[in-house]
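Structure record follows, encoded as structure tokens.
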Amino acid sequence: MIGFIGAGSIGGAVITGLVKNGFDANQIIVKGGRSNRTQLLDDQLGFKMVKRVKQLEDTEVIFIAVGANALDSVLTELKEIAAGKLIVAFTGNASVSHLKQALGEVKVAHAIPNTPVKVGAGFTGITYSSDFTDDDKKKIASIMGYTGQLVEVPEAQLGILGTVAGCSPAFLDVFIEALSDAGVKHGLNRKLAYDAAIGMAIGAAKLAKQSELNVSALKDEVTSPGGSTIRGVAALEEYGFRNAVIKAVDAAEG
Ligand SMILES: NC(=O)c1ccc[n+]([C@@H]2O[C@H](COP(=O)([O-])OP(=O)(O)OC[C@H]3O[C@@H](n4cnc5c(N)ncnc54)[C@H](OP(=O)(O)O)[C@@H]3O)[C@@H](O)[C@H]2O)c1
């Protein structure tokens, strides 16, 4: 059995990704907040809902998906039942040392999923406390594997990895919207423009992942001398596209 505390944007996305990709909903217990968000999700997915953290006692792994403001009160409640469990917190400021300090001798991890976990295509960075064994890591990987990729990184890199993989779905959404606007400006209807832009993003990402060439070489392959694509690439550079992306990451990092 696995447990969740909090089922908002990211908790709900991970639970949805798990269930939609074959993880048994009967093996999931969720302690939600005060709103009806968890109930609405439960209506779709059919996991077990509970009212108290204590009722997660029979779980082996607990994911914490509450915001920073609720973290410490959740950890205080969790301490009573945490012994022997693996605790994974998605909360932004839940450092491994903070979790250890609050929970004592319990194996803890800090993970930053992104929203594509919802469709099994997520990218989650994770840092484990030093007492995690290889078998413990395999257990977490076997669960998170239903939601996409899981990559272990040193905690110092978790924040920037979370920005590059976690804030960027919104950046890509802006790019897709802009590309579709351009299509409409040049005569496509809106639906076709969105279908083309989204289909392109999925296909180009798949090609970049599967190809032996890096993305720079893939770009070189489709830019013929004096052709339309290189003129478009030059315009992107002229208007600071590359720098805008780097500045967006700088801004997100704060
Ligand atoms: N969104 C992302 O893409 C993302 C990605 C990685 C990490 N994170 C981090 O994950 C954390 C949560 O983000 P979010 O976007 O999912 O926030 P969110 O949508 O506000 O969800 C938080 C959920 O926690 C619930 N909650 C609050 N106190 C609780 C308690 N005592 N017991 C059980 N549930 C409780 C809330 O319930 P109510 O609905 O009743 O308020 C809410 O549904 C943040 O620290 C964020 O930085 C987010």
Side-chain angles (χ1 to χ4, degrees), residues 1-113 115 117-118 120 122 124 126-129 131-133 135-147 150:
M1 292 283 256
I2 65 169
F4 280 81
I5 305 173
S9 299
I10 204 64
V14 171
I15 297 167
T16 303
L18 286 170
V19 176
K20 297 270 180 187
N21 290 288
F23 193 95
D24 184 358
N26 293 314
Q27 295 297 309
I28 302 176
I29 310 180
V30 182
K31 194 265 174 200
R34 293 193 183 150
S35 72
N36 66 348
R37 285 173 92 178
T38 310
Q39 182 62 62
L40 292 174
L41 195 64
D42 191 26
D43 292 344
Q44 296 168 38
L45 302 176
F47 45 75
K48 182 177 176 193
M49 253 179 76
V50 294
K51 289 204 158 53
R52 284 180 235 297
V53 171
K54 206 170 181 295
Q55 291 169 279
L56 300 176
E57 198 146 22
D58 291 337
T59 58
E60 288 176 87
V61 178
I62 295 180
F63 295 93
I64 302 173
V66 301
N69 55 348
L71 178 65
D72 285 339
S73 66
V74 161
L75 291 174
T76 304
E77 282 184 81
L78 187 56
K79 191 169 185 193
E80 288 180 35
I81 59 153
K85 300 187 194 306
L86 304 176
I87 308 295
V88 180
F90 298 146
T91 312
N93 67 336
S95 66
V96 164
S97 63
H98 184 84
L99 296 168
K100 274 274 184 201
Q101 206 170 20
L103 296 174
E105 288 308 306
V106 176
K107 294 171 184 175
V108 299
H110 185 199
I112 309 281
T115 48
V117 289
K118 195 170 181 177
T124 300
I126 191 163
T127 301
Y128 301 102
S129 58
D131 47 3
F132 254 75
T133 65
D135 282 348
D136 295 331
K137 291 179 187 181
K138 275 186 196 147
K139 191 178 284 180
I140 301 301
S142 73
I143 299 167
M144 290 303 292
Y146 286 85
T147 71
L150 182 73

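- Formation of a donor-acceptor pair under 3.5 Å by the Thr133 side chain with backbone atoms of Asp136 is found in this model.
- Scanning for side-chain contact (heavy atoms from CB on, under 4.5 Å) contacts around Glu57 gives Lys54, Ile81, with sequence neighbours left out.
- In terms of the side chain to side chain donor-acceptor pair (under 3.5 Å) criterion, residue partners of Asp43 (sequence neighbours excluded) are, by chain and number, Gln39.
- Between Phe90 and Phe4, the two ring planes are tilted [angle within 30° to 60°].
- Around the NZ atom of Lys20, the shell of radius 6.0 Å holds no more than 12 heavy atoms that belong to other residues, nucleotides or ligands.
- Residues satisfying the side chain to side chain donor-acceptor pair (under 3.5 Å) test with Lys100, not counting sequence neighbours, are Asp131.
- For the pair Leu99 and Ala109, the tightest heavy-atom approach, listed with the atom from each and the gap, is CD1-O, 3.6 Å.
- A distance of 6.5 Å separates CG of Asp58 from CD1 of Ile29, quoted to the nearest 0.5 Å.
- Not a single donor-acceptor pair under 3.5 Å links the side chain of Asn93 to the backbone N or O of Ala68.
- Listed for the His110 side chain is no donor-acceptor partner under 3.5 Å among the backbone atoms of Thr127.
- Asn26 is linked by a side chain to side chain donor-acceptor pair (under 3.5 Å) to Asp24, counting only residues two or more places apart in sequence or in another chain.
- Each of Val53, Val108, Leu78 was evaluated against Ile64; a single residue qualifies, Leu78, per the side chain to side chain contact (heavy atoms under 4.5 Å, CB included) test.
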Legend entry - Test log, rule side chain to side chain contact (heavy atoms under 4.5 Å, CB included), inputs Val50 and Arg52: CA-CA 6 Å; Val50 294; Arg52 284 180 235 297; over 6 Å; no

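- Leu75 and Ala102 make their closest contact through CD1-CB, 3.6 Å (heavy atoms, listed as atom of the first residue, atom of the second, distance).
- A distance-only check finds a donor-acceptor pair linking the side chain of Thr91 to the backbone of Val66 [under 3.5 Å].
- Remark: Thr76 engages no residue in a side chain to side chain donor-acceptor pair (under 3.5 Å) (not counting sequence neighbours).
- Between Gly3 and Leu56 the shortest heavy-atom distance is CA-CD2, 4.2 Å.
- Listed by first and then second residue, the salt bridge (Lys or Arg N to Asp or Glu O under 4.0 Å) pairs that reach into residues 60-73 are Glu60-Lys139, sequence neighbours excluded.
- For the residue pair Gly11 and Ala65, the shortest heavy atom distance occurs at CA-CB, 3.6 Å.
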